[in-house]
S.K.: 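Shown below is the structure under consideration.
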Amino acid sequence: MNKFSLLACAVFIVGCGTPATYKDPQGRELVVSLDKVNIQDFATAGSQMLQSMVSSPSFSKGAPVLQLGTITNDTADNFDTSLLLSKLTVPLVNAGRVTLLDNEPAADPSARPKAEYVLKGKILEDRSNAGSTRQSSFVFQLTLVEVKRGVAVWTEEKIVTKQGTKNAVGF
Amino acid sequence: MKHLLPLLALGLLAGCSTVLETGDRIERGLTPPDAVNYATTRPEGGFTTQLNDARIGNKIELLAARKSKTDGGYTRVQFDLRNGSYLRQTINVSFEWLAADGTVTESQPNWIVTPLEPGALTTVTATALKASSAECRLRLITR
């Protein structure tokens, strides 16, 4: 009986768990974490920000020259803020809607266009719980500043809120 | 010890995610699949729908689709959706843009979670980034 029980334990230990598989990063079977910003949160906030940004009058015509400013990560989670910015800059640059200035110095500085707009922002978090239910809200704030006048011409805030007792997979 | 080991095995079984996933699969087998539904604007106005998840037809009503142009000449589309059921529904929407010849020009890389209270009406808006984007395809799933 002892041997049989040990064997049963071993089978369960070996057979337990789900093997790692590849998932569509744009799909709906991704891990939802309560204590961190997930990759799909950047995509959600980024795409909503993008839609709002292209609807602003500053982006109605031509391809304005854009410089990326500082995005402050004011959360406890350590991540690269370009995860958010790329969700805006990649579609905008590829669609020819902005001229994005590179951070590297130009070979011919005189040929480098001057920035018309600077995009800056902040990512914040708010956590609370009720009993075993935890809630995390991540606040994404972006502001587009017109360099010439030094005024904000577009600003947007998107909040991603997640609630539950443990991390999960899917929506 | 003799009684402890089977108990331990039982404990491992109860906490095992594989077993839970099997249960989830059975549950999904008993309910209709979570299929993606589509609503596509037409050049002459209005929209066409492709309903792949029959459940959504009883819950979410697609009331209207409006198409306009921005000052820069880019296409903007608004879809009016209504939760016609007696329960709170969460729908997930995403957009794809099509050129006049039907080729896909842009695709939104994520789902936007949209909770809807019973009877609530919401308008989802999308603006094309490319001038060639003429028609919009709304993708909808219920969960």
Side-chain angles (χ1 to χ4, degrees), chain A residues 1-19 24-30 32 39-48 50-63 86-88 90-98 158 160-162 169-171, chain B residues 1-22 24 28 34 36 68-78 90-97 105-115 124-133 139 141-143:
Chain A
M1 178 62 188
N2 263 351
K3 281 181 185 172
F4 178 74
S5 300
L6 277 171
L7 192 69
C9 283
V11 167
F12 282 127
I13 290 166
V14 172
C16 199
T18 311
D24 177 6
Q26 301 170 7
R28 49 188 173 135
E29 292 180 324
L30 303 174
V32 180
I39 194 82
Q40 65 270 33
D41 300 333
F42 290 112
T44 301
S47 72
Q48 289 181 302
L50 174 69
Q51 281 296 312
S52 170
M53 198 171 166
V54 295
S55 302
S56 75
S58 309
F59 280 82
S60 63
K61 284 176 187 172
S86 65
K87 299 292 179 289
L88 286 93
V90 169
L92 285 171
V93 171
N94 290 344
R97 295 291 296 272
V98 294
K158 290 291 170 196
V160 175
T161 299
K162 298 182 272 190
V169 175
F171 285 148
Chain B
M1 186 65 183
K2 197 183 271 184
H3 298 290
L4 193 67
L5 287 172
L7 199 67
L8 184 65
L10 198 67
L12 283 168
L13 181 67
C16 185
S17 61
T18 312
V19 173
L20 289 176
E21 199 177 79
T22 308
D24 185 49
R28 279 167 184 268
D34 303 330
V36 182
S68 60
K69 292 278 184 186
T70 65
D71 292 344
Y74 299 99
T75 308
R76 178 180 290 155
V77 164
Q78 287 188 330
T90 299
I91 54 164
N92 304 279
V93 299
S94 183
F95 298 96
E96 272 179 339
W97 286 95
T105 50
E106 300 171 44
S107 188
Q108 195 176 357
N110 63 294
W111 294 94
I112 304 291
V113 181
T114 312
V124 290
T125 307
T127 307
L129 291 175
K130 295 178 181 174
S132 58
S133 299
R139 301 190 295 160
I141 49 170
T142 47
R143 65 173 183 179

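Lettering follows sequence order; numbering is per chain, from 1.
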S.K.: Less than 4.5 Å to any heavy atom of chain A: does that hold for the side chain of B:Ala131, its backbone, both, or neither?
M.R.: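 Neither part.
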
S.K.: I'd like to check the salt bridge (charged side-chain N to carboxylate O under 4.0 Å, His left out) partners of B:Glu106; sequence neighbours left out, ordered by chain and number.
M.R.: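 By the salt bridge (charged side-chain N to carboxylate O under 4.0 Å, His left out) rule, B:Glu106 matches no residue at all.
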
S.K.: Give the C-alpha distance, both sets of side-chain angles, the deciding distance and a yes or no for side-chain contact (heavy atoms from CB on, under 4.5 Å) between A:Leu50 and B:Leu129.
M.R.: CA-CA 9 Å; A:Leu50 174 69; B:Leu129 291 175; 3.9 Å; yes

S.K.: At a 4.5 Å cut-off on heavy atoms, which part of B:Thr127 comes close to chain A: side chain, backbone, both, or neither?
M.R.: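 Contact with chain A: backbone and side chain both.
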
S.K.: In this structure, are over 12 heavy atoms from other groups packed under 6.0 Å from B:Asp71 atom CG?
M.R.: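 No, the 6.0 Å shell around CG holds no more than 12 heavy atoms from other groups.
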
S.K.: Pick one of side chain, backbone, both or neither for B:Thr125, based on which atoms fall under 4.5 Å of a heavy atom in chain A.
M.R.: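 Just its backbone gets close to chain A.
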
S.K.: Heavy atoms only, distances under 4.5 angstrom: which of A:Lys87, A:Gln40, A:Gln48 has the most pairs with chain B? Name it, please.
M.R.: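 Heavy-atom pair counts peak at A:Gln48.
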
S.K.: Might you point out which heavy atoms bring B:Asn110 and A:Thr44 nearest each other, and give the distance in Å?
M.R.: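 Scanning both residues completely, I find the closest heavy atoms to be ND2-CA, 3.2 Å.
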
S.K.: Determine the minimum heavy-atom distance between A:Ala95 and B:Lys130, stating which atoms define it.
M.R.: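 What the structure gives for the nearest pair is CB-CG, 3.8 Å.
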
S.K.: Excluding sequence neighbours, so at least two apart, what forms salt bridge (charged side-chain N to carboxylate O under 4.0 Å, His left out) with A:Lys162?
M.R.: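 Result, salt bridge (charged side-chain N to carboxylate O under 4.0 Å, His left out) vs A:Lys162: A:Asp41.
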
S.K.: Heavy-atom distances under 4.5 Å only: say whether B:Tyr74 touches chain A with side chain, backbone, both or neither.
M.R.: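 For B:Tyr74, the side chain is the part near chain A, not the backbone.
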
